[in-house]
Amino acid sequence: MARVVVLGSGPAGLTAALYLSRANLQPIVFEGMEPGGQLTTTTDVDNFPGFPEGIMGPELMERMKAQCERFGATFELDEITHADLSERPFKLTTSFGKTLEADAVVIATGATARYLGLPNELRLRGHGVSACATCDGFFFQDQDIAVVGGGDSAMEEATFLTKFARKVYLVHRRDTLRASKIMQERALANDRIEFIWNTVVDDVLGADKVEGLAVRNVETGETSTLDVTGFFLAIGHTPNTKAFGDQLERNDAGYLVVQGNSTRTSVEGVFAAGDVADDEYRQAITAAGTGCRAALDAERWLEGTHG
Ligand code: NAP
């Protein structure tokens, strides 16, 4: 039986594992189906402190993992597909059908950015297609780019991207926005943002990098090409909570709810860190911070109950 198991290997999971291993709790980390998490799908990371020249996302995650291994964390290239949290020790089942028990669990399974499912969207991810303006906006200085979505994320990202881009097209499938009034007004007042209403994106064009978007007006059926070199998706994220069913309290958007100023979930002994419990900040550094807090919360809880 494990004392503590960490689910997920993004910045939150690996920081939790680092602190837990340094507390001699020998955490087992289930890396999940995307080891390293969302950062492994980006290129340069320029906003993680300590890397003045920037660092490639996958390398940052490899370094974090190596740091955990140095202190005794072990890694399983597997994911937990079912967790029975009804009694302790918790019973976890992996995608390979293995089972194990744990006194405490840190959930750092992250959230997955939604993509449109276009034929060439994933092929060009990291080559002009991105779901993170904060991460990648800087690379589009003086270029024309597009954002798809009509919610707060789309408004926020489009507005943020005008710091770099010459022009930002905001492509939305309807003629009204879902975003809050204040965010809408800010975006609508920005003369570098051009709204393209009632329009969907049919595909991303380009051989090795984004060279345009094939778009279609849903009212008229008219198709055209939008000349852009960047395409940002802002159509929401899905927190990865499937393995827990309804056992943990979630908010309306499906994110895990933590208790007060802690990482405790609604089940004692289960802690949440990173994007699975954060639909607001979603940064590598904030995820790492909550990973640290989850490890400290789990350590204290284990000391109290299993001393
Ligand atoms: P959201 O509110 O769910 O909005 C998603 C947007 O994407 C909607 O406009 C939706 O269009 C569009 N969309 C979804 N699927 C699509 C598809 N297949 N094709 C084209 N368009 C599609 O998601 P979000 O903007 O990420 O926000 C999530 C939550 O975080 C919200 O509660 C939001 O308020 C919050 N948030 C807050 C802030 C802030 O306050 N600073 C910033 C970001 C996010 P329809 O409108 O037609 O459905």
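Start at 1 and go down the list; that is how both ligands and their atoms are numbered.
Taking 4.0 Å as the cut-off between side-chain N and carboxylate O, Glu76 and Lys98 count as a salt-bridged pair. Checked for salt-bridge contact, Lys65 and Glu31 meet the test: a charged N lies under 4.0 Å from a carboxylate O. Ion pairing between a basic and an acidic side chain is recognised when a charged N comes within 4.0 Å of a carboxylate O; Arg166 and Asp142 show no such pairing.
For ligand 1, the polar-atom distance check against Ser153 finds a nitrogen or oxygen pair separated by under 3.5 Å. The shortest N or O to N or O distance between Gly149 and ligand 1 is not below 3.5 Å. Distances between N or O atoms of Met183 and those of ligand 1 include no value under 3.5 Å.
Looking only at protein heavy atoms, the nearest one to atom 10 (C) of ligand 1 is Arg173 NH2, 3.8 Å. For atom 19 (N) of ligand 1, the closest heavy atom belonging to the protein is Leu116 CD2, 3.2 Å. When only non-hydrogen protein atoms are considered, atom 30 (O) of ligand 1 lies nearest to Asp279 O, 4.0 Å. Counting protein heavy atoms only, atom 2 (O) of ligand 1 is closest to Arg178 CD, 3.5 Å. Nearest protein heavy-atom neighbour of atom 7 (O) of ligand 1: Ile235 CA, 3.4 Å. Looking at atom 28 (C) of ligand 1, its nearest protein heavy atom turns out to be Arg282 NH2, 4.4 Å. Summary of contacts: the protein heavy atom closest to atom 38 (C) of ligand 1 is Asp152 CB, 3.8 Å.
Residue Glu156 approaches ligand 1 through these ligand atoms, each under 4.0 Å from one of its heavy atoms: 41 (N), 42 (C), 43 (C). Listed by number with element, the atoms of ligand 1 under 4.0 Å from a non-hydrogen atom of Gly150 are 6 (C), 7 (O), 8 (C), 9 (O). Per-residue contacts place Gly236 under 4.0 angstrom from the following atoms of ligand 1 (heavy atoms of the residue considered): 23 (O), 26 (O). Residue Arg174 approaches ligand 1 through these ligand atoms, each under 4.0 Å from one of its heavy atoms: 45 (P), 46 (O), 47 (O).
By the 30° and 60° cut-offs, the orientation of the rings of Phe160 relative to Phe164 is perpendicular.
At a threshold of 4.5 Å between non-hydrogen side-chain atoms, the residues Glu299 and Tyr19 do not count as touching. Between Val105 and Val4, the closest side-chain pair of non-hydrogen atoms is not below 4.5 Å. Considering only heavy atoms from C-beta on, Tyr169 stays 4.5 Å or farther from Ile145 through its side chain. Within the 4.5 Å cutoff, the side chain of Leu7 has no heavy atoms near those of the Val29 side chain.
The side chain to side chain contact (heavy atoms under 4.5 Å, CB included) with Val171 is formed by just one residue from the set Val147, Thr199, Val200, Val228; it is Thr199.
Less than 6.0 angstrom separates the ring centroid of Phe140 from the ring centroid of Phe232.
Side-chain atoms of Thr112 and Asn240 form a donor-acceptor pair, as typed in the model, at a separation below 3.5 Å.
Residue Glu280 places no heavy atom under 4.0 Å from ligand 1.
Contacts between His172 and ligand 1 below 4.0 angstrom, taking non-hydrogen atoms only, involve the side chain exclusively.
The presence of a protein heavy atom under 4.0 Å from atom 4 (O) of ligand 1 is confirmed.
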